[in-house]
Amino acid sequence: QVQVVESGGGLVQAGGSLRLSCAASGRTFSLYAMGWFRQAPGKEREFVAAISRSGRNTYYPDSVKGRFTISRDNAKNTAFLQMNSLKPEDTSVYYCAARFSPLQDMEELVVTAEHEYRYWGQGTQVTVSS
């Protein structure tokens, strides 16, 4: 089992940047595919970014593509979400999630479906003012 804790949220003006971190503890971080999701008040949780175990493969929805970058440092058991050119509509609680993917053929697997992730953090608030 792995535990994940997000940090780095806050208040930023439109056009600004934030870097979220997701610190993992427990089982071997490098065996987990990682993802970021967000949920705004009154809306369903939505996928934001995903990265494979190796870090070589990433995937983004069109809403954040070109503005957000997911990365990971397996030596430090941490995943990151760099968010640039932030917009007021990016305001949400951002969640980090982990999916145990131990098989060799899962090394480059990118997981975008929420139900595939078993381990979730408590979330960090990101507020973008106009």
Side-chain angles (χ1 to χ4, degrees):
Q1 185 171 346
V2 68
Q3 295 81 40
V4 293
V5 178
E6 306 93 339
S7 62
L11 174 64
V12 64
Q13 289 188 333
S17 298
L18 280 176
R19 189 192 196 202
L20 305 183
S21 296
C22 173
S25 61
R27 296 184 64 177
T28 308
F29 178 69
S30 61
L31 295 180
Y32 289 81
M34 301 298 295
W36 286 93
F37 293 76
R38 67 186 181 186
Q39 187 169 22
K43 295 186 177 181
E44 293 186 352
R45 190 152 54 185
E46 64 172 340
F47 167 71
V48 173
I51 190 167
S52 62
R53 279 173 40 194
S54 69
R56 286 186 288 267
N57 285 348
T58 59
Y59 189 81
Y60 309 90
D62 288 344
S63 58
V64 306
K65 192 177 297 182
R67 301 188 298 122
F68 290 11
T69 302
I70 188 171
S71 61
R72 65 189 296 161
D73 185 339
N74 285 344
K76 296 183 178 180
N77 288 2
T78 305
F80 304 96
L81 184 67
Q82 178 67 44
M83 305 185 295
N84 298 330
S85 303
L86 283 162
K87 305 175 182 179
E89 52 263 44
D90 294 319
T91 295
S92 287
V93 177
Y94 282 71
Y95 298 90
C96 173
R99 181 191 189 270
F100 190 48
S101 305
L103 302 181
Q104 186 173 358
D105 62 2
M106 293 178 175
E107 187 175 10
E108 305 302 339
L109 180 67
V110 174
V111 182
T112 63
E114 180 179 347
H115 70 271
E116 293 279 352
Y117 287 93
R118 180 175 180 181
Y119 304 102
W120 293 82
Q122 293 301 306
T124 184
Q125 176 70 46
V126 172
T127 303
V128 184
S129 63
S130 58

For this session: Sort and list the pairs that fulfil disulfide bond (SG atoms under 2.5 Å apart) and have at least one residue in residues 45-127, not counting sequence neighbours.
Result: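 Listed once each, the pairs are Cys22-Cys96.
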
For this session: Could you name each residue pair satisfying disulfide bond (SG atoms under 2.5 Å apart) that touches residues 34-94, not counting sequence neighbours?
Result: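 Of all non-adjacent pairs touching residues 34-94, none passes disulfide bond (SG atoms under 2.5 Å apart).
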
Hey, quick one: are [X] and [Y] part of the same hydrophobic cluster, counting side-chain heavy atoms closer than 4.5 Å, chains of contacts allowed?
X      : Y      : result
Tyr119 : Leu31  : yes
Val12  : Val93  : no
Ile51  : Tyr117 : no
Tyr32  : Val4   : yes

How far apart are the closest heavy atoms of [X] and [Y], and which atoms are they?
X      : Y     : value
Val110 : Ala50 : CG1-CB, 3.5 Å
Phe68  : Val48 : CD2-CG1, 3.5 Å
Trp36  : Ile70 : CD1-CD1, 3.5 Å
Ala49  : Leu81 : CB-CD1, 3.9 Å
Val111 : Ala33 : CG2-CB, 4.1 Å
Phe29  : Ala79 : CZ-N, 3.9 Å

Problem set entry | Side chains of Thr28 and Ser30, donor plus acceptor under 3.5 Å |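 The answer is no; no qualifying pair exists.
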
Any pair with a residue in [range] that passes salt bridge (Lys or Arg N to Asp or Glu O under 4.0 Å), sequence neighbours left out, goes on the list, sorted by first then second residue, please.
range            : answer
residues 121-130 : none
residues 69-88   : none
residues 51-62   : Arg56-Glu107, Arg56-Glu108, Asp62-Lys65

Exercise. Would you say Thr91 and Gln125 make side-chain contact, with heavy atoms under 4.5 Å?
Worked result: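 Of all side-chain heavy-atom pairs linking Gln125 with Thr91, at least one is under 4.5 Å.
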
For this session: For residues Val2 and Met34, determine if any side-chain heavy atom of one lies less than 4.5 Å from a side-chain heavy atom of the other.
Result: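 They are not in contact (no side-chain heavy atoms under 4.5 Å apart), so the answer is no.
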
Using side-chain contact (heavy atoms from CB on, under 4.5 Å) as the criterion, list what pairs up with [X], not counting sequence neighbours.
X      : value
Val126 : Leu18, Leu20, Met83, Tyr94, Val128
Ser71  : Phe80
Glu114 : Phe37, Arg45, Trp120
Thr69  : Tyr60, Gln82

Exercise. With Arg67, which residues qualify under salt bridge (Lys or Arg N to Asp or Glu O under 4.0 Å), at least two apart?
Worked result: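 Testing Arg67 for salt bridge (Lys or Arg N to Asp or Glu O under 4.0 Å), a comparison that skips the adjacent residues, returns Asp90.
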
Exercise. Sequence neighbours excluded, which residues qualify as salt bridge (Lys or Arg N to Asp or Glu O under 4.0 Å) partners of Asp105?
Worked result: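 With sequence neighbours excluded, Asp105 shows a salt bridge (Lys or Arg N to Asp or Glu O under 4.0 Å) to no residue whatsoever.
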
Problem set entry | With Ser101 via side-chain hydrogen bond (donor to acceptor under 3.5 Å, both in side chains) - residues at least two apart |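 So Ser101 forms a side-chain hydrogen bond (donor to acceptor under 3.5 Å, both in side chains) with Arg99.
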
Exercise. Between the main-chain N or O of Gly123 and the side-chain N or O of Glu6, is there a donor-acceptor pair closer than 3.5 Å?
Worked result: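 Yes, Glu6 side chain to Gly123 backbone: donor-acceptor pair under 3.5 Å.
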
Exercise. If you round to the nearest 0.5 Å, how far is CD of Gln1 from CZ of Phe100?
Worked result: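 One finds 11.5 Å between CZ of Phe100 and CD of Gln1.
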
Problem set entry | Pairwise distance CD(Gln122) to CD(Gln3) - rounded to 0.5 angstrom |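 Nearest 0.5 Å value for the CD-CD distance: 11.5 Å.
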
